[in-house]
Amino acid sequence: MTSVRLFIAMAAMRRWPLFQLDIKNAFLHGDLEEEIYMEQPPGFVA
Amino acid sequence: MTRCESDHSVFLKCSTSNKYSYLVVYVDDIVITGGDYEGIKALKQHLFQNFQTKDLGPLRYFLRIEVAQSNSGIAISERKYAFDILEEKGLIDCKPVDTPMDPNVKLLPNQGEPYYDPGRYRRLVGKLNYLTLTRPDISFPVSVVSQFLNSPCVN
């Protein structure tokens, strides 16, 4: 958070542009190396 | 792009013309700034190509902080956040004061009845603590009320 404020202050001082991006689907970008098994929880009805 | 040693959510890159571009990341939210306009352009392009990224344009809202940019400078506030706190606690109609607390009042722990819901007190103090980011004028009262998080009393 201090870094965010620092960069906002620097941008104000030096007239830098400030941009914002948003990554869609956070967390889903890594590749899974290990084998994963899943099962439905007991009592699950589709 | 190298990761900053002292804050691992900050990344920086120096261009051949000795200009820097900076990137701050919080989970999936990214802020980019710096004097290297070409580098920033290339960096954004790189992110678009490798991730599904949405360009939100100039910085407006980050971690509950509203950012207003103009030619004369940048203003930050937590206006909505402050209103949400007031509304949640039913204090929206209260009169504003210039001095949030009397510095001469001596508050001591365990004075009076224990407050029925310590969690509520702690959550409110936590929220006020985050509000001090853009409201340093309430820092002193918030630090005083933070001293009683352990056993909040009615006094």
Side-chain angles (χ1 to χ4, degrees), chain A, chain B residues 4 6-12 19-37 39-41 43-48 50-77 129-130 132-134 136:
Chain A
M1 200 63 236
T2 13
S3 305
V4 180
R5 279 207 298 186
L6 168 72
F7 284 123
I8 290 175
M10 299 257 290
M13 253 170 61
R14 304 192 173 185
R15 298 185 168 267
W16 285 346
L18 266 171
F19 297 108
Q20 187 173 24
L21 303 176
D22 184 65
I23 307 277
K24 292 177 194 166
N25 306 325
F27 300 121
L28 296 178
H29 290 282
D31 287 324
L32 217 54
E33 300 290 329
E34 50 287 69
E35 249 179 81
I36 301 284
Y37 299 91
M38 286 192 273
E39 61 178 45
Q40 286 187 355
F44 182 88
V45 182
Chain B
C4 179
S6 48
D7 184 340
H8 287 193
S9 54
V10 175
F11 298 81
L12 58 147
K19 283 178 177 160
Y20 279 90
S21 39
Y22 302 95
L23 184 147
V24 189
V25 59
Y26 178 78
V27 191
D28 61 344
D29 279 327
I30 297 172
V31 174
I32 299 175
T33 187
D36 180 13
Y37 302 154
I40 289 174
K41 227 173 159 181
L43 174 64
K44 278 170 122 178
Q45 214 50 51
H46 178 77
L47 286 167
F48 287 139
N50 291 281
F51 304 98
Q52 283 191 6
T53 315
K54 206 160 103 189
D55 189 355
L56 300 173
L59 178 61
R60 283 211 199 89
Y61 192 72
F62 188 71
L63 297 173
R64 302 244 161 109
I65 294 174
E66 293 152 60
V67 182
Q69 300 188 62
S70 76
N71 288 333
S72 49
I74 301 173
I76 57 170
S77 79
N129 218 349
Y130 194 68
T132 60
L133 272 178
T134 56

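Proteins get letters first, then strands, A, B, ... in listed order; numbering begins at 1 in each. These values consider heavy atoms only, across backbone and side chains, with no hydrogens, waters or symmetry-generated copies.
Residue contact with chain A, scored on non-hydrogen atoms closer than 4.5 Å, is absent for B:Tyr20. The parts of B:Phe62 that come within reach of chain A are both its backbone and its side chain, each placing non-hydrogen atoms under 4.5 angstrom from that chain. Proximity to chain A (any heavy atom under 4.5 Å) is shown, for B:Val31, by both the backbone and the side chain. Using a 4.5 Å cut-off between heavy atoms, B:Leu63 contacts chain A through its side chain alone, with no backbone atom that close. Neither the backbone nor the side chain of B:Val25 comes within less than 4.5 Å of any heavy atom of chain A.
Contact residues of residues 12-21 of chain A toward chain B are A:Ala12, A:Arg15, A:Trp16, A:Pro17, A:Leu18, A:Phe19, A:Gln20, A:Leu21 (heavy-atom distance under 4.5 Å).
In B:Phe48, the CZ atom is crowded: over 12 heavy atoms of neighbouring residues, nucleotides or ligands sit closer than 6.0 Å. Residue B:Lys19 places its NZ atom among 12 or fewer non-hydrogen atoms of other residues, nucleotides or ligands, all under 6.0 Å distant.
Ranked by non-hydrogen atom pairs under 4.5 Å with chain A, the options B:Gly34, B:Ser9, B:Ser72 are led by B:Gly34. Of the residues considered (B:Thr134, B:Val24, B:Leu56, B:Asp55), B:Leu56 shows the highest number of contacts with chain A, using heavy-atom pairs under 4.5 Å.
Between B:Asp29 and A:Asp22 the shortest side-chain heavy-atom distance falls below 4.5 Å.
When the side-chain hydrogen bond (donor to acceptor under 3.5 Å, both in side chains) test is applied to B:Ser6, no partner is found at least two apart in sequence or on another chain.
One finds the CE atom of A:Met1 at 5.0 Å from the CG atom of B:Leu133 (value rounded to the nearest 0.5 Å).
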